[in-house]
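Remarks on the structure that follows.
The first residue of the sequence shown is numbered 1, and numbering continues consecutively from there.
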Amino acid sequence: MNIGEATVARIKELCSESGITLNKLATISGITQSTLNNVVNGRNKSTTIVTIKKICDGLDITIKDFFNSDLFDSLSQEIK
């Protein structure tokens, strides 16, 4: 798994835990639905930390909370 895949999985996991849809997440995070769809569907290969921060703000969690997941513990090396 790479960082992009882990980020998508974490977003979906947090939505599930919060009982909200991706559309609702976009609304409460102040990002467009198309931006979030591009992230989740893999069309955006480099999600910015600004977008992650907005998602965290919408979910009322910290960036540390976002990345505090087993999903990020065993990522594949990005530089080879």
Side-chain angles (χ1 to χ4, degrees):
M1 180 177 290
N2 65 34
I3 187 72
E5 294 164 340
T7 300
V8 169
R10 184 63 171 151
I11 291 168
K12 290 179 178 179
E13 180 180 71
L14 290 166
C15 282
S16 179
E17 288 174 5
S18 300
I20 61 172
T21 64
L22 290 171
N23 186 25
K24 177 70 174 177
L25 177 61
T27 300
I28 64 176
S29 299
I31 58 178
T32 64
Q33 186 175 356
S34 63
T35 296
L36 188 56
N37 285 338
N38 287 340
V39 170
V40 172
N41 294 324
R43 288 188 294 269
N44 182 339
K45 300 293 183 193
S46 58
T47 306
T48 66
I49 196 65
V50 172
T51 300
I52 298 295
K53 175 68 169 113
K54 288 180 179 183
I55 290 169
C56 291
D57 290 347
L59 293 168
D60 198 28
I61 63 171
T62 65
I63 290 176
K64 184 176 179 179
D65 292 333
F66 183 89
F67 289 109
N68 186 20
S69 169
D70 292 341
L71 292 167
F72 299 103
D73 288 344
S74 58
L75 293 176
S76 301
Q77 185 173 354
E78 299 283 335
I79 300 174
K80 298 185 182 200

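Taking CG from Leu36 and CG from Asn41, the interatomic distance works out to 9.0 Å, rounded to the nearest 0.5 Å. A distance of 6.0 Å separates CZ of Phe66 from CD1 of Ile55, quoted to the nearest 0.5 Å. Atom NZ of Lys54 is separated from atom CD1 of Ile52 by 12.0 Å, given to the nearest 0.5 angstrom. Note: Thr7 OG1 to Lys12 NZ = 12.0 Å, rounded to the nearest 0.5 Å.
Using bins of under 30°, 30° to 60° and over 60° for the plane-to-plane angle, the ring pair Phe67/Phe72 lands in the perpendicular bin.
Nearest approach of Ala6 to Leu75, heavy atoms of both residues: CB-CD2, 3.6 Å. In plain terms, the two heavy atoms of Asn68 and Arg10 that are nearest each other are O-NH2, 3.9 Å. Smallest separation of non-hydrogen atoms from Val40 and Val8: O-CG1, 3.5 Å. Closest of all the heavy-atom pairs between Lys53 and Ile63 is CD-CD1, 3.7 Å.
Between the side chain of Thr32 and the main chain of Thr35, a donor-acceptor pair closer than 3.5 Å is present.
Annotation: side chain of Thr27 is not in contact with side chain of Ser29 (no heavy-atom distance under 4.5 Å).
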Please tabulate, one pair per line, all N/O donor-acceptor pairs under 3.5 Å involving side-chain atoms of residues 16-23, not counting sequence neighbours.
unit_1, atom_1, unit_2, atom_2, d
Ser18, OG, Leu14, O, 3.0
Thr21, OG1, Asn23, N, 3.4
Thr21, OG1, Lys24, N, 3.0

Check the pair Asn37, Arg43 against side-chain contact (heavy atoms from CB on, under 4.5 Å), reporting the backbone distance first and the verdict last. CA-CA 8 Å; Asn37 285 338; Arg43 288 188 294 269; 4.2 Å; yes

Could you go through the side-chain contact (heavy atoms from CB on, under 4.5 Å) check for Ile28 and Asp60 one step at a time? CA-CA 10 Å; Ile28 64 176; Asp60 198 28; over 6 Å; no

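Applying the side chain to side chain contact (heavy atoms under 4.5 Å, CB included) criterion to Asp73, with sequence neighbours excluded, gives Asp70.
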